[in-house]
Number of protein chains: 2
Amino acid sequence: MIVIENMYKIYKIGDIEVKALNNVSLTIEDREFVAIVGPSGSGKSTLMNMIGCLDVPTSGKYYIDGQEVSKMSDRALADMRNRKIGFIFQQFNLLPKLTAEENVQLPMIYRGVPAGERHRLALEALDRVGLSDRTHHKPKELSGGQQQRVAIARALVGKPSILLADEPTGALDSKSGAEVMNMMQQLHKEGHTIILITHDNHIAEQAPRIVRIQDGEISYDSKGGGN
Amino acid sequence: MIVIENMYKIYKIGDIEVKALNNVSLTIEDREFVAIVGPSGSGKSTLMNMIGCLDVPTSGKYYIDGQEVSKMSDRALADMRNRKIGFIFQQFNLLPKLTAEENVQLPMIYRGVPAGERHRLALEALDRVGLSDRTHHKPKELSGGQQQRVAIARALVGKPSILLADEPTGALDSKSGAEVMNMMQQLHKEGHTIILITHDNHIAEQAPRIVRIQDGEISYDSKGGGN
Ligand SMILES: Nc1ncnc2c1ncn2[C@@H]1O[C@H](COP(=O)(O)OP(=O)(O)OP(=O)(O)O)[C@@H](O)[C@H]1O
Ligand SMILES: Nc1ncnc2c1ncn2[C@@H]1O[C@H](COP(=O)(O)OP(=O)(O)OP(=O)(O)O)[C@@H](O)[C@H]1O
Ligand SMILES: [Mg+2]
Ligand SMILES: [Mg+2]
């Protein structure tokens, strides 16, 4: 369970303050499938970085499963991130020197999965995203959409209890995009929490719950009948 | 005028050969607005790199305005690239240490535009893409869609005679995406050649001519009534 209370994220560039998150409060129960929608620059990725404990808010409280994140040790944080959370980053964040397969294996190494099983699961995941003939390619030897699909395989392979997906279909044609959405629906059926960031209403509508963000504020939440 | 004859681009990974372009022939007249559509991995970005003289084909001929590109000196190539062609890259390719404004100014420096005018035109272009309040931000201080809009401003500011745009709306919400398409329609009205790469049929349909690519081959060309 994710609980965010009165969260602010304020950036300073010179004298200018940018309120990327402006008093955001949000609760996401286990096993929910939520889409967070909003225009470019509205605060979606910033919110995801907070939820995924990749960055710290300027102020406000954040609890995962009852634990207050700001009070957790770095070690406990890293441990939780690696074990509980799967990330699909907006810019993929693949390691350039590793092949597709090696990139997909990465989270499993953190989780102590033995080599043989990592190899098997990685190939399976890459096959699911249609890349079994690209496993030895490095990121720069892959098309944009192929890189995105490697990032997706990497996030899904560990079946993380919380999946944070930031624009996971942005670089994909509609067919590949639909396949990815199916994978997420499947993961959700299996009881995982899915938080899907998108600027695309079409994609958002496939989630049971929609939260709209505008200029760093929640402007609508389909749960509890809107805001 | 762009003429491509029997072009191949073949990559080798270990023993495996990937035919990214497989006997592609294509002619694009001055002032045309062409959309090149195809699924992920079909060869769109590779084709754009050839057209933009950013990479060399494995075989085949390529003429720009009657000159055979393979016979041009590096200097002449670079000169033509900088002066004639504007690029919107799929992964933006902004310089990380430069601010948004400095990134937008870059092509104008190559073209010898004086500093004062560069500054004026850069601010104008950033305003057109809705980023006048982000001119001092570096790429990592911008959202994904904002980075894309900086890349767009950079390409459009010089009013290049040939605009090569690779998925220019991928990271944008529908409103920003529509604005970008308007800008391209405007540039086209003013007599520029627009080559728009996209996996999104919706975007492609806004171009007068559609060329479809599949597994490195042209499968359809709306000019000349299909293939
Ligand atoms: N490190 C930073 N420094 C300064 N401002 C920042 C920084 N990171 C983000 N911002 C600003 O915060 C706002 C929110 O950014 P964010 O990346 O969360 O938007 P987004 O909703 O993900 O947008 P997009 O759909 O374009 O990816 C933007 O206006 C951006 O310019
Ligand atoms: N440097 C490279 N080495 C090996 N293979 C490559 C290289 N660059 C591209 N490829 C392969 O060539 C094919 C075409 O790539 P390209 O980037 O042109 O596709 P695309 O149509 O732009 O795809 P997308 O819509 O996903 O961006 C892909 O299958 C890709 O794996
Ligand atoms: Mg974002
Ligand atoms: Mg591409």
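Order of the sequence lines sets the chain letters (A, B, ...), proteins ahead of strands, with each chain counted from 1.
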Pairs of donor and acceptor atoms under 3.5 Å between chain B and chain A, please, with atom names and distances.
residue: B:S40; atom: N; partner: A:D173; partner atom: OD1; Å: 2.8
residue: B:S40; atom: OG; partner: A:R149; partner atom: NH2; Å: 2.8
residue: B:R149; atom: NH2; partner: A:S40; partner atom: OG; Å: 2.8
residue: B:L172; atom: O; partner: A:H199; partner atom: NE2; Å: 3.0
residue: B:D173; atom: OD1; partner: A:S40; partner atom: N; Å: 2.8
residue: B:H199; atom: NE2; partner: A:L172; partner atom: O; Å: 3.0

CD1/B:I16: more than 12 non-hydrogen atoms of other groups inside 6.0 Å: no
Side chain to side chain contact (heavy atoms under 4.5 Å, CB included) partners of B:A153, counting only residues at least two apart: B:V104, B:A125, B:L126, B:V129
Which atoms of B:V18 approach chain A - backbone, side chain, both or neither, heavy atom under 4.5 Å: side chain
